[in-house]
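These notes concern the structure reproduced below.
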Protein chains: 2
Amino acid sequence: MKEFIPVLKRTKLFAGVGEDDITAMLSCLGARLRTFKKGDYVLRQGEHLGDILVLAEGKLHIQRDDYWGNRSILGHIGIGEIFGEAYVAPESGTLLNDVVALEDSAVFFFDVKRVITTCSSACRFHTMVVQNLFFAISEKNRSLVQKLDYMSRRTTREKLLSYLSEEAKKQNSPYITIPYNRQQLADYLSVDRSAMSNELCKMRDDGLLEFEKNRFKLL
Amino acid sequence: MKEFIPVLKRTKLFAGVGEDDITAMLSCLGARLRTFKKGDYVLRQGEHLGDILVLAEGKLHIQRDDYWGNRSILGHIGIGEIFGEAYVAPESGTLLNDVVALEDSAVFFFDVKRVITTCSSACRFHTMVVQNLFFAISEKNRSLVQKLDYMSRRTTREKLLSYLSEEAKKQNSPYITIPYNRQQLADYLSVDRSAMSNELCKMRDDGLLEFEKNRFKLL
DNA sequence: TCCTTTCCGTTGTAAATACAACCGAACTGT
DNA sequence: ACAGTTCGGTTGTATTTACAACGGAAAGGA
């Protein structure tokens, strides 16, 4: 577990907390580390969750398959990101989505009750972690609203443009790399892959952008 | 402000806190009460926000209009609900949406810094309010994921069915009342109103449901 | 090298949607 | 009673999409 302390230090959850203090807090927060092989399910739809999770190593996708086999990708989790925090409220039901490992991954599990219940003076930074958690979840909230904005567009072209231009804004460059391949991007935007592929080429022909694999350039 | 203390007591934010304690906390939380006329903007896209808001009276919509005038309704705010909490993080940019009063309304504004910074012993329940806030925002997070689930459906019929059946589950009855008229429901699900109206009638003809105005019965 | 798998572009067709336009019913305020 | 407005259902057409199927390029393993 100790090997990942430097990783934890750079997460939003432990922002402002030193490595020694993080080490001291781990037991206080009920931390456990679990590893997953590529393709493993970290969380499954329908499960109940009592932990807040932080990705220490690897890559994950949040996704959902419906009865008809249509896959919908809700988002992408990179190293240091927090997840699961939306399902730990007492009245929250079971998980609505699967979380799948795209690579071999390592995940920290923190007991919710111990995270949000500020303990004795032993943990000087516990209050700060609670605030960090609040900011992190509110950030996730904003990114969900952002995604709703993409999906509210009527046409595939508008969805692509709003997504790509937002990414360009985030990455602060017209050259952007996205964490999805074609199928995954289609699942993320909830459109058909082939139709999207087709539309991308039309947009290129119209001089809106250039691309190669998962790298795009907006014009 | 005092007239709304009983309302506050029943909100998720102050769950478990008595009226006297709420009264005592108001100044500690930097509470202000503002009133709005029907049609007024409570919040505007692009503004910066430093407060967490609670609706004391009235009804609100969270919505967004794009360049082409297409309106997208992100959600509905009823009495006692918290909003604005996603935009108070230090790095959060400006608001992505408008919040509009559908009726004459009254809104509590709480200074974020004072809410999430636990103060002296004077506020016995401050810690509880912070936890309540965490649960409330995580609940909102789940409802956003829920909405993403509706919107990820490919056809209008599937969107309607997933939305209505989820409402039936929430309201625990096949007879449900929704807070939207036709145009607003179409804006909420991001589909064309006339196409949706058409589809609703087809679904009725197919024996899936019955409806009158904003009241539906699932069969 | 060969085989397999993955990825992505292309095409054609059937289905669904957006959009505009129109209509009648219900409600509003004067 | 009247005009104006909102609301919701209907229709037709042009556009867009989903779906299935195919093929070539690239990557990976034996």
Side-chain angles (χ1 to χ4, degrees), chain A residues 38-39 59 61 65-73 100 102-104 150-164 177-206 208-216, chain B residues 38-39 61 65-73 100 102-103 150-164 177-206 208-216:
Chain A
K38 175 178 177 176
K59 279 185 192 168
H61 266 187
D65 300 303
D66 67 14
Y67 332 100
W68 299 279
N70 284 320
R71 173 161 297 170
S72 169
I73 294 183
V100 182
L102 296 180
E103 306 174 350
D104 291 358
Y150 308 145
M151 303 227 341
S152 70
R153 308 304 170 116
R154 299 300 213 267
T155 66
T156 301
R157 176 174 293 217
E158 285 173 16
K159 288 178 188 172
L160 284 166
L161 275 181
S162 60
Y163 170 68
L164 292 173
T177 303
I178 66 174
Y180 305 120
N181 64 29
R182 291 288 180 283
Q183 181 63 60
Q184 291 167 339
L185 179 58
D187 288 342
Y188 179 75
L189 296 176
S190 287
V191 296
D192 181 74
R193 180 195 62 79
S194 65
M196 186 192 77
S197 200
N198 195 322
E199 192 64 31
L200 271 175
C201 294
K202 282 187 200 163
M203 290 163 74
R204 181 183 52 198
D205 296 343
D206 290 348
L208 290 173
L209 46 75
E210 293 170 5
F211 56 87
E212 194 214 330
K213 300 211 171 185
N214 65 335
R215 298 178 43 77
F216 293 77
Chain B
K38 174 178 177 176
H61 265 187
D65 299 303
D66 67 14
Y67 331 99
W68 299 281
N70 283 321
R71 172 162 296 171
S72 169
I73 294 183
V100 182
L102 297 180
E103 306 173 351
Y150 308 146
M151 304 230 338
S152 71
R153 308 302 169 117
R154 299 301 212 268
T155 65
T156 302
R157 176 174 293 216
E158 284 172 16
K159 287 179 188 170
L160 284 166
L161 275 181
S162 61
Y163 169 68
L164 291 172
T177 303
I178 66 174
Y180 305 120
N181 64 30
R182 290 291 180 279
Q183 181 64 59
Q184 291 167 338
L185 179 58
D187 289 342
Y188 179 76
L189 297 176
S190 287
V191 295
D192 181 74
R193 180 195 62 79
S194 65
M196 186 192 77
S197 201
N198 195 321
E199 193 64 31
L200 272 176
C201 293
K202 282 187 200 164
M203 289 163 75
R204 182 183 51 198
D205 297 343
D206 290 348
L208 291 173
L209 46 75
E210 292 170 4
F211 56 88
E212 195 214 329
K213 299 209 173 188
N214 66 334
R215 298 178 43 76
F216 293 76

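Chain letters run A, B, ... following the sequence lines, proteins first, then strands; residues in each count from 1.
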For dT16(D) and Thr155(A) - does any side-chain N or O of the residue sit under 4.0 Å from the phosphate oxygens OP1/OP2? no

For Arg193(A) and dC22(D), give me the distance from atom CZ to atom C1', rounded to whole Å. 11 Å

Using atom CD of Glu212(B) as one end and atom C1' of dC7(D) as the other, report the distance to the nearest whole Å. 13 Å

Is Asp187(B) reaching over with its side chain to a backbone N or O of Ser72(B), donor-acceptor style, under 3.5 angstrom? no

Quick one: which of dT17(C), dT17(D), dG8(D) gets closest to the side chain of Glu199(B)? dT17(C)

Interatomic distance where CE belongs to Met196(B) and P belongs to dA16(C) [whole Å]: 18 Å

Side chain of Ala195(A), heavy atoms from C-beta onward: which of dT11(C), dA18(D), dT10(D) has the nearest atom to it? dA18(D)

What is the distance, rounded to the nearest whole Å, between atom CZ of Arg182(B) and atom C1' of dG24(C)? 16 Å

Suppose we call a contact any N or O donor and acceptor under 3.5 Å apart; does that hold for the side chain of Ser194(A) and the base of dA18(D)? no

Please determine which of Leu164(B), Asn214(B), Leu160(B) meets the side-chain contact (heavy atoms from CB on, under 4.5 Å) test together with Leu185(B). Leu160(B)

base_contact_polar (dG9(D) base, Arg204(B) side chain, donor-acceptor, <3.5 Å): no

Tell me whether the side-chain N/O atoms of Thr156(B) come closer than 4.0 Å to OP1 or OP2 in dT17(C). yes

Taking 4.0 Å as the cut-off, does a side-chain nitrogen or oxygen of Arg157(A) come that near to OP1 or OP2 on dT16(D)? no

5'-most contact on DNA chain C: Leu200(A) or Asp192(B), nearest heavy atom basis? Leu200(A)

Of the listed dA27(D), dG8(D), dC7(C), the closest approach to the Asn181(A) side chain comes from dC7(C)

Parallel, tilted or perpendicular: rings of Tyr180(B) and Tyr163(B) (30°, 60°): tilted

Test item: Asp206(B) side-chain N/O and Leu208(B) main-chain N/O as donor-acceptor pair under 3.5 Å: no

Could you check Arg154(A) against Asn214(B) and say which one's nearest nucleotide on DNA chain D is further toward the 5' end? Asn214(B)

Integer-rounded Å distance: dA18(C) P and Leu189(B) CG: 11 Å

Rounding to a whole Å, what distance do you find between Glu158(A):CD and dT15(D):P? 15 Å

Just to confirm, is there a sub-4.0 Å distance from OP1 or OP2 of dG9(C) to any side-chain nitrogen or oxygen of Asn198(A)? no

In whole angstrom, give the distance that lies between atom CG of Asp187(A) and atom P of dA18(D). 12 Å

Could you tell me the separation between the CD atom of Gln183(B) and the P atom of dG8(D), rounded to a whole number of Å? 9 Å

N/O donor-acceptor pair under 3.5 Å between Arg182(B) side chain and Lys213(B) backbone: yes

